[in-house]
Undergrad: 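Take a look at the following structure, please.
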Amino acid sequence: MKTSLALLLFILALTTSHAGPVSEHGRLQVNGRRITGTKGETVSLAGNSFFWSQWGGELYNAEAVNWLKSDWKTTIIRAVMGIEAGGYLEHPESEKAKIITLVDAAIAADLYVIIDWHDHHAHLHTEQAISFFQEMAHRYGKQPHVLYELYNEPLNTATWAGDVKPYAEKVIAAIRAIDPDNMILVGSPTWSQDVDVAAADPIKDNNVAYTLHFYAGTHKADLRAKALIALKKNIPLFVSEWGTCNADGDGNVADASTKEWMAFMREWQLSHCNWSVSTRKEAASIIIPGASATGHWPESDLTENGRVVREWVRQWAANPPVDPKSEK
Ligand code: MG
């Protein structure tokens with residue numbers, strides 16, 4: 001009786017599990033410029049960034065995550081905790097609770113998830129960031145699904161050597177005392193575009209990648225040239241936020257430029273999260289005002305950006321980038 005009950009529970013667990021990318025690749029590990037899975041395979045993920053938690057929190061729910069997994073074939077999501085402007089600094093418990101809801105949903109769905117400290121002045125909030133990431137490391141450090149993003153977008157007035165790198169080193173030390181191995185993403189000045197500067201003076205840690213943010217309507221070959229400087233130094237980049245539109249989140253979908261960026265990310269096997277899962281009336285949103293907060297979006301609820309990005313994300317899952325033969 002005992003044996004058959006155990007067997008029944010085992011079968012039940014198998015049939016109700018939601019196999020996804022984390023079961024396939026395990027904890028992500030920087031390996032030169034590459035991001036690799038536990039078998040050493042190159043991993044290139046495609047998915048969605050949520051919107052600032054203090055303004056887009058109604059979408060921070062498991063149903064929306066499950067829909068992105070099932071309909072979009074998303075393999076990674078980004079939980080975006082707003083820090084200033086009515087975010088975590090003013091409402092730490094409620095904003096943190098939204099992040100935990102989204103991270104737990106991603107883990108249940110077997111998706112990768114980025115915990116993003118969404119701040120333009122994080123080096124002025126070092127103590128708060130340390131205490132938050134210590135708590136996240138205790139809670140999630142053994143989960144292969146979780147990545148920590150320490151500083152969304154430093155401004156162009158911050159410096160790498162004087163502001164961003166010292167901040168990142170302090171937060172990384174605090175995380176590593178608790179979680180020795182999950183991937184950590186670090187931004188760079190000029191809204192996480194100065195990856196060439198970070199690449200010239202990298203952080204000493206064996207699982208750090210540098211975020212590269214672009215908006216296809218605004219950023220073109222000049223920014224890819226900066227990215228190439230880093231990649232050719234064997235420095236790993238991670239596109240934790242990108243848009244099809246202008247850098248302010250509005251304008252139009254820049255189709256031709258988006259295609260060029262997608263080809264670049266495919267060539268270098270970069271992972272990427274599109275900005276953003278939101279109903280706000282602007283070009284970057286994937287769904288229209290009034291669309292359900294819990295997924296199940298018919299095509300008529302998608303914005304132009306939503307339709308374009310859904311195709312790119314699905315294509316990535318169906319045909320993930322592979323290493324060029326010459327580099328194998
Ligand atoms: Mg760990």
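Whatever order the structure lists them in is the order used to number ligands and atoms, beginning at 1. Any value given below was found using the heavy atoms of this structure, including those in side chains, with hydrogens, waters and symmetry copies removed.
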Undergrad: Find, among atoms of D179 that are N, O or S, the one nearest to the Mg ion (ligand 1), and state its name.
TA: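 Atom name returned: OD1.
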
Undergrad: Confirm or rule out an N/O/S atom of N182, from backbone or side chain, lying less than 2.8 Å from the Mg ion (ligand 1).
TA: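 Under 2.8 Å: N182 contacts the Mg ion (ligand 1) through an N, O or S atom.
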
Undergrad: Assert yes or no for the condition that the ring centre distance of H118 to W55 is strictly below 6.0 Å.
TA: no

Undergrad: Is the CZ atom of R224 crowded by more than 12 outside heavy atoms at less than 6.0 Å?
TA: yes

Undergrad: Kindly indicate, with the supporting measurements, whether the criterion salt bridge (Lys or Arg N to Asp or Glu O under 4.0 Å) is fulfilled by E241 and R78.
TA: CA-CA 9 Å; E241 181 182 317; R78 180 178 186 234; 2.9 Å; yes

Undergrad: Give a yes or no on whether G141 keeps an N, O or S atom under 2.8 Å from the Mg ion (ligand 1).
TA: yes

Undergrad: Do the rings of F214 and W261 sit parallel, tilted or perpendicular, given the 30° and 60° boundaries?
TA: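 Ring orientation of F214 relative to W261: parallel.
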
Undergrad: Any idea which N/O/S atom from D181 gets closest to the Mg ion (ligand 1)?
TA: OD1

